[in-house]
Protein chains: 2
Amino acid sequence: MKSVKKDTLLEVAERLFYEHGFRGVGLKQIISEANVATMTLYNHFSSKDNLVEEVLKQREERYWSYLDSHVEMDSDSPFILAVRAHGRWLKEQSYKGDMFLRAIEDYAGTDNEIENIARGHKTRLLKYFQQLALKKGKDNGRDLANQITLLLEGSTSMTTLIGAEKATEYSIAMARILVQHTL
Amino acid sequence: MKSVKKDTLLEVAERLFYEHGFRGVGLKQIISEANVATMTLYNHFSSKDNLVEEVLKQREERYWSYLDSHVEMDSDSPFILAVRAHGRWLKEQSYKGDMFLRAIEDYAGTDNEIENIARGHKTRLLKYFQQLALKKGKDNGRDLANQITLLLEGSTSMTTLIGAEKATEYSIAMARILVQHTL
DNA sequence: ACTTAGATAGAATGACCTTTCTAATTTTCA
DNA sequence: TGAAAATTAGAAAGGTCATTCTATCTAAGT
């Protein structure tokens with residue numbers, strides 16, 4: 001059932017959408033770089049919007065397996081590990097802005113599923129850190145979770161300006177102070 | 001020399017570009033909402049890209065007069081004032097992402113002036129905080145400036161998720177800790 | 001070897017895009 | 001008032017876009 005063509009399409013589409021934006025990439029370019037016929041795309045995806053949806057889902061899966069594989073939840077400093085893992089993700093996969101934020105901006109208020117998927121990812125990130133804070137027995141877990149998330153988002157934006165290494169260095173430094181401060 | 005039509009066009013274009021993205025808005029919609037003929041637009045702007053450029057310049061001017069009017073450079077805590085001012089800007093003018101970051105993403109690598117203008121704004125922000133740190137006699141001025149900028153960028157992104165008030169609350173709290181920590 | 005499903009190239013469609021053109025009308029101000 | 005400049009509506013050109021439709025071809029499994 002799994003199709004190599006479909007996987008190629010998803011891979012190419014994710015790269016191009018990330019590089020030039022959802023609206024900045026046409027299907028023609030995608031099928032051309034994927035070495036696939038038009039109808040092959042439409043056999044696997046019902047529309048361009050549907051392709052965008054699948055791309056976002058795939059990217060989210062990849063993001064979480066990235067985080068999961070780098071964060072030992074029971075470690076002394078899971079927050080720091082998460083910020084560091086996010087930094088690696090930035091360096092390798094997200095050096096110019098965040099795809100989910102971009103999807104939210106591009107499709108906000110147009111009544112489609114894309115915005116929901118993108119917002120879902122962000123919500124999950126917040127919940128992730130809230131649970132982490134809970135496990136650590138912090139009383140102000142929600143605040144800490146929001147602040148750590150803010151640091152992640154900040155480092156993502158800053159990556160465009162000063163590179164992933166420096167952005168991550170700064171966010172880790174601040175996360176350390178933060179965790180220490182809310183013990 | 002100043003034309004009311006041109007101002008209307010800039011105002012309408014800025015609103016629509018921010019709301020739906022540069023590529024998501026057509027000139028037809030802009031001239032329609034500005035109650036202006038096609039040729040009026042082309043009399044004042046040489047192309048759509050040129051319109052985008054002027055919109056960005058205008059927005060940057062507005063951003064800086066916002067900051068300047070709220071930040072007393074010689075105050076005890078100009079950093080905190082700046083973060084707070086940025087928070088007000090978010091609430092009133094930038095509730096869903098940052099227009100400059102978006103311009104950088106949308107036009108990166110397409111060899112045009114737009115990306116330069118957008119990056120210029122971000123560079124200026126960094127320099128602003130570096131000078132502030134210098135005036136305060138901090139030895140690690142560059143680090144503090146980068147971190148404060150990271151907090152601003154983070155609060156901008158978080159505004160889309162939790163609103164400007166909470167995002168600003170968190171960034172101010174973190175900025176306080178930071179300034180205190182690097183005295 | 002036959003069948004069936006998937007993939008192919010390429011054209012057709014209709015919508016929308018930016019930019020240019022024209023010719024009539026309105027505004028500005030000396 | 002009269003001349004110059006700005007603005008108008010609308011069409012046209014020339015692209016690109018997403019989507020659909022052919023009709024041929026390839027590959028797999030029985």
Side-chain angles (χ1 to χ4, degrees), chain A residues 1-56 102-103 105-115 117, chain B residues 1-56 102-103 105-115 117:
Chain A
M1 260 307 166
K2 61 186 165 189
S3 160
V4 57
K5 301 270 176 188
K6 181 170 185 177
D7 289 346
T8 308
L9 278 167
L10 280 170
E11 183 192 315
V12 169
E14 182 177 342
R15 175 170 52 79
L16 291 178
F17 283 151
Y18 183 68
E19 205 70 35
H20 307 106
F22 303 104
R23 292 202 154 94
V25 177
L27 297 182
K28 187 179 167 183
Q29 191 183 356
I30 292 173
I31 65 175
S32 156
E33 293 204 23
N35 275 109
V36 149
T38 311
M39 280 314 294
T40 303
L41 188 153
Y42 277 94
N43 279 338
H44 290 297
F45 308 96
S46 61
S47 65
K48 184 183 183 181
D49 277 9
N50 179 241
L51 175 60
V52 172
E53 290 164 23
E54 299 293 321
V55 163
L56 288 177
R102 197 164 183 175
E105 290 173 7
D106 276 4
Y107 294 97
T110 63
D111 185 37
N112 60 45
E113 185 64 10
I114 297 174
E115 190 190 351
I117 294 174
Chain B
M1 260 304 167
K2 62 185 165 190
S3 159
V4 56
K5 300 270 176 190
K6 182 171 186 177
D7 289 347
T8 308
L9 277 167
L10 281 170
E11 182 192 317
V12 169
E14 181 177 344
R15 177 169 51 79
L16 291 179
F17 283 151
Y18 184 68
E19 204 70 36
H20 306 107
F22 303 104
R23 292 201 151 95
V25 177
L27 297 181
K28 188 178 166 185
Q29 191 183 354
I30 292 173
I31 64 177
S32 157
E33 294 203 24
N35 276 107
V36 149
T38 311
M39 278 316 293
T40 303
L41 188 153
Y42 277 94
N43 279 337
H44 290 296
F45 307 96
S46 61
S47 65
K48 184 183 182 181
D49 276 9
N50 178 241
L51 175 59
V52 172
E53 290 165 21
E54 297 294 321
V55 162
L56 288 176
R102 196 164 184 177
E105 291 171 6
D106 275 4
Y107 293 97
T110 63
D111 184 37
N112 61 47
E113 186 63 12
I114 297 174
E115 190 189 351
I117 294 174

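Lettering of chains follows the sequences in order, A, B, ..., and the numbering in each one begins at 1.
- Rounded to whole angstrom, the span from the NZ atom of Lys28(A) across to the C1' atom of dT16(D) amounts to 8 Å.
- Both cation-pi conditions hold for Arg23(B) and Tyr107(B): the charged atom is under 6.0 angstrom from the six-membered ring centre and inside a 45 degree cone around its axis.
- Considering only the side chain of Thr38(A), dT19(D) comes nearest among dT19(D), dT8(D), dT7(D).
- Residue Asn35(B) is in sugar-phosphate contact alone, with no base atom involved, counting any heavy-atom pair closer than 4.0 Å across all strands shown.
- Checked against dA18(D), dT8(D), dT8(C), the side chain of Thr40(B) finds its nearest nucleotide in dT8(D).
- Rounded to whole angstrom, the span from the NZ atom of Lys48(A) across to the C1' atom of dT16(D) amounts to 11 Å.
- Which of dT22(C), dA9(C), dT19(D) sits closest to the side chain of Met39(B) comes down to dT22(C).
- Atom P of nucleotide dC17(D) and atom CZ of Phe22(A) are separated by 17 Å, given to the nearest angstrom.
- For Ser3(A), counting side-chain heavy atoms from C-beta on, the closest listed nucleotide (dA7(C), dA18(D), dT19(C)) is dA7(C).
- Per the geometry, CG belonging to Leu41(B) stands 9 Å off P belonging to dT19(C), to the nearest Å.
- Across all strands shown, Asp49(B) has no heavy atoms under 4.0 Å from either base or sugar-phosphate atoms.
- With distances taken from any side-chain atom of Tyr42(A) to the nucleotides dT7(D), dT20(D), dA7(C), the minimum falls on dT20(D).
- Atom CG in Asn43(B) sits about 10 Å away from atom P in dT8(D), given to the nearest Å.
- In this structure, Phe17(A) atom CZ and dA18(D) atom C1' are separated by 12 Å, rounded to whole Å.
- In this structure, Val25(B) reaches the sugar-phosphate backbone alone: every heavy-atom distance under 4.0 Å involves primed, P, OP1 or OP2 atoms, never a base.
- For the pair Asn50(A) CG and dT20(D) P, the interatomic distance rounds to 12 Å; values are reported in whole Å.
- Rounded to a whole Å, the CG atom of Leu51(B) is 15 Å from the P atom of dC17(C).
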